[in-house]
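Working notes, structure below.
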Amino acid sequence: MNINTLEGEGYTIIGFEGDVDLSCSPDARKSILDVLQADKNLLIDLAKVSYIDSSGVASLVEAYQTAKKQSLKFGLVGVSEAAMSVLKLARLDKVFPIHNSVEEYEQEDA
Amino acid sequence: MNINTLEGEGYTIIGFEGDVDLSCSPDARKSILDVLQADKNLLIDLAKVSYIDSSGVASLVEAYQTAKKQSLKFGLVGVSEAAMSVLKLARLDKVFPIHNSVEEYEQEDA
Amino acid sequence: MSIETLFEIRFPAKAERLCLVRALVKRTAELVGCCSDLSDKLVIAVNEACMNVIQHAYRGDDLGEIVLQMLNNDGKLRFRIVDYANPIDLDSVKPRDLDDLRPGGLGTHFIDEIMDECDRGHLEEGIGNYLEMTKKIS
Amino acid sequence: MSIETLFEIRFPAKAERLCLVRALVKRTAELVGCCSDLSDKLVIAVNEACMNVIQHAYRGDDLGEIVLQMLNNDGKLRFRIVDYANPIDLDSVKPRDLDDLRPGGLGTHFIDEIMDECDRGHLEEGIGNYLEMTKKIS
Ligand SMILES: Nc1ncnc2c1ncn2[C@@H]1O[C@H](COP(=O)(O)OP(=O)(O)O)[C@@H](O)[C@H]1O
Ligand SMILES: Nc1ncnc2c1ncn2[C@@H]1O[C@H](COP(=O)(O)OP(=O)(O)O)[C@@H](O)[C@H]1O
């Protein structure tokens with residue numbers, strides 16, 4: 001898994017690439033919590049995720065809940081088919097705010 | 001593995017697709033010998049071959065030798081990287097006539 | 001037709017090895033004719049089951065070994081996963097309530113959702129556990 | 001670092017199963033850091049070795065079983081392939097002269113070309129054979 005962090009206007013985007021599984025979900029979790037601890041709105045880009053397991057999904061749930069507690073914005077963008085199929089199994093596709101693209105998020109946010 | 005047979009002007013092209021391995025090389029061999037038994041010049045298209053093992057290569061050697069004996073033309077076209085790497089290991093890349101494309105074969109043949 | 005062994009693989013209970021198991025199950029499912037979507041689902045279930053062995057049965061002890069068998073019983077795929085950890089508390093194996101949103105507790109839910117049947121138990125030798133999951137594919 | 005077992009897989013000696021072994025070896029080689037070209041070469045060698053077991057040791061008897069272990073010995077990959085066929089004539093295992101063009105006789109040449117070392121022998125139990133192939137990867 002690769003992690004790419006990008007600063008946008010008023011938010012940070014973390015992009016995961018490859019397989020987000022038990023071998024690397026602690027790294028994914030840390031990168032997420034770092035952003036939220038810095039009090040920044042968080043977008044997570046799952047477009048290049050080829051696989052995500054329940055430990056990766058757990059980090060997303062934690063991010064969602066932590067952001068809420070801190071009144072920060074949280075959303076997913078460009079969810080890959082593989083990731084979406086897992087979110088659906090977890091019934092989280094209706095819980096998480098999901099945007100097709102960063103542009104869409106910015107428009108909705110404006 | 002899929003086999004596609006196509007009739008050209010004065011030759012037949014057999015295209016193999018996927019893995020040409022022990023589980024299907026007898027089918028590959030039969031398709032090759034059928035064309036040669038019908039006394040037709042033979043081109044074998046290896047562009048879509050993702051893997052070829054020594055049993056697949058053996059069929060190519062047999063085709064080459066049978067064509068020679070029957071004074072038929074024989075050649076490979078569009079050899080994939082995976083197939084070429086095996087032909088090189090077998091030192092057959094310098095033995096078989098190899099054409100980049102059917103067009104190239106037709107020009108050389110003209 | 002009788003039961004056909006597709007493969008049996010043994011590997012150390014390490015998270016880093018799960019990607020191998022996924023590649024193998026995916027390829028094997030396709031080989032026996034599963035569509036891409038079903039193969040992906042089977043991969044998810046097996047991956048979560050192996051994760052649970054690593055995390056909960058061996059509790060992270062990566063000297064442990066996992067054995068995965070994949071069998072084709074006349075159109076029913078059977079996955080048997082064996083560990084040699086201490087016998088687990090079988091009653092504790094259950095998913096969280098999906099409406100109670102919290103991190104974790106999804107793996108067993110994925111497995112139940114994807115597979116037709118699951119059977120868990122202790123090995124007879126006094127050490128070790130098994131999980132058998134079946135899925136009809138044709 | 002000591003010897004690390006990457007996996008051990010058992011499968012029936014059937015040509016149809018070779019694609020699984022290829023996928024597994026490819027993924028594992030990449031996991032331990034082999035480049036794509038080297039991974040592909042290792043796949044070729046293992047595939048040919050398993051083919052030879054199917055064709056020459058078991059002579060097509062697909063009730064036979066093949067065991068493949070892949071180990072990492074401190075930057076040296078080791079592949080151990082075991083069968084339970086009758087002991088083979090070890091002296092007969094050799095490639096054809098490459099200049100003597102004829103179909104067949106390439107598998108052992110591929111193996112020798114790709115691997116650093118090969119060691120063949122009979123199992124001690126009076127039945128079965130092994131082939132150990134090693135390749136330095138770092
Ligand atoms: N193989 C196992 N061995 C022991 N306990 C298990 C096993 N699988 C699951 N469990 C128990 O079931 C619970 C739920 O598992 P699961 O739904 O996969 O979620 P999680 O692993 O995130 O807790 C685990 O917390 C654990 O207590
Ligand atoms: N695992 C094996 N068991 C018994 N004999 C073998 C084995 N591998 C190779 N051989 C012998 O070595 C010969 C050369 O093998 P190889 O180079 O792979 O070509 P081919 O399999 O096409 O004959 C075989 O014909 C066979 O006699």
Side-chain angles (χ1 to χ4, degrees), chain C residues 1-34 36 39-40 42-43 46-47 50 53-54 58 61-75 77-84 137-138, chain D residues 1-34 36 39-40 42-43 46-47 50-51 53-54 58 61-75 77-84 137:
Chain C
M1 218 174 93
S2 55
I3 299 184
E4 186 191 21
T5 302
L6 296 166
F7 68 78
E8 172 185 310
I9 186 169
R10 292 172 176 265
F11 58 98
K14 299 183 185 183
E16 295 71 38
R17 298 301 156 69
L18 291 172
C19 63
L20 306 182
V21 175
R22 293 197 297 269
L24 182 63
V25 170
K26 170 84 180 159
R27 197 75 193 71
T28 310
E30 288 173 348
L31 181 71
V32 296
C34 298
S36 179
S39 313
D40 287 340
L42 297 172
V43 166
V46 173
N47 185 75
C50 293
V53 171
I54 293 173
Y58 284 119
D61 171 8
D62 65 7
L63 293 177
E65 192 180 46
I66 301 179
V67 184
L68 164 66
Q69 278 184 318
M70 186 167 166
L71 308 149
N72 190 355
N73 186 358
D74 211 0
L77 286 185
R78 198 160 88 196
F79 300 87
R80 185 177 161 89
I81 295 173
V82 167
D83 65 64
Y84 304 100
I137 57 164
S138 63
Chain D
M1 214 174 94
S2 57
I3 298 182
E4 186 192 22
T5 302
L6 296 166
F7 67 77
E8 172 184 309
I9 186 168
R10 291 174 175 264
F11 58 98
K14 298 183 186 181
E16 295 70 39
R17 299 301 156 73
L18 292 172
C19 61
L20 306 183
V21 175
R22 293 197 298 269
L24 182 62
V25 170
K26 170 84 180 159
R27 198 73 192 72
T28 310
E30 287 173 347
L31 181 70
V32 296
C34 296
S36 178
S39 311
D40 287 340
L42 296 173
V43 166
V46 173
N47 185 76
C50 293
M51 274 175 73
V53 171
I54 294 172
Y58 284 119
D61 171 10
D62 65 6
L63 293 178
E65 192 180 45
I66 301 179
V67 184
L68 165 65
Q69 279 183 316
M70 186 165 166
L71 307 150
N72 190 356
N73 186 358
D74 209 2
L77 285 185
R78 198 160 89 197
F79 299 88
R80 185 177 160 89
I81 297 172
V82 166
D83 65 64
Y84 304 100
I137 58 164

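Below, chains carry the letters A, B, ... as their sequence lines are ordered, and counting in each starts from 1.
Both the backbone and the side chain of C/Leu6 come within less than 4.5 Å of a heavy atom of chain D.
Remark: D/Arg27 engages no residue in a salt bridge (Lys or Arg N to Asp or Glu O under 4.0 Å) (not counting sequence neighbours). Evaluation of the side-chain hydrogen bond (donor to acceptor under 3.5 Å, both in side chains) rule for C/Asp83 yields C/Asn129 as partners, not counting sequence neighbours. Residues satisfying the side chain to side chain contact (heavy atoms under 4.5 Å, CB included) criterion with C/Ser138, sequence neighbours excluded, are absent altogether.
Put simply, of D/Leu24, D/Val21, D/Leu20, the one with the most heavy-atom pairs under 4.5 Å next to chain C is D/Leu20.
Within residues 9-19 of chain C, the residues that have a heavy atom under 4.5 Å from a heavy atom of chain D are C/Ile9, C/Arg10, C/Phe11, C/Pro12, C/Lys14, C/Glu16, C/Arg17, C/Cys19, listed by number.
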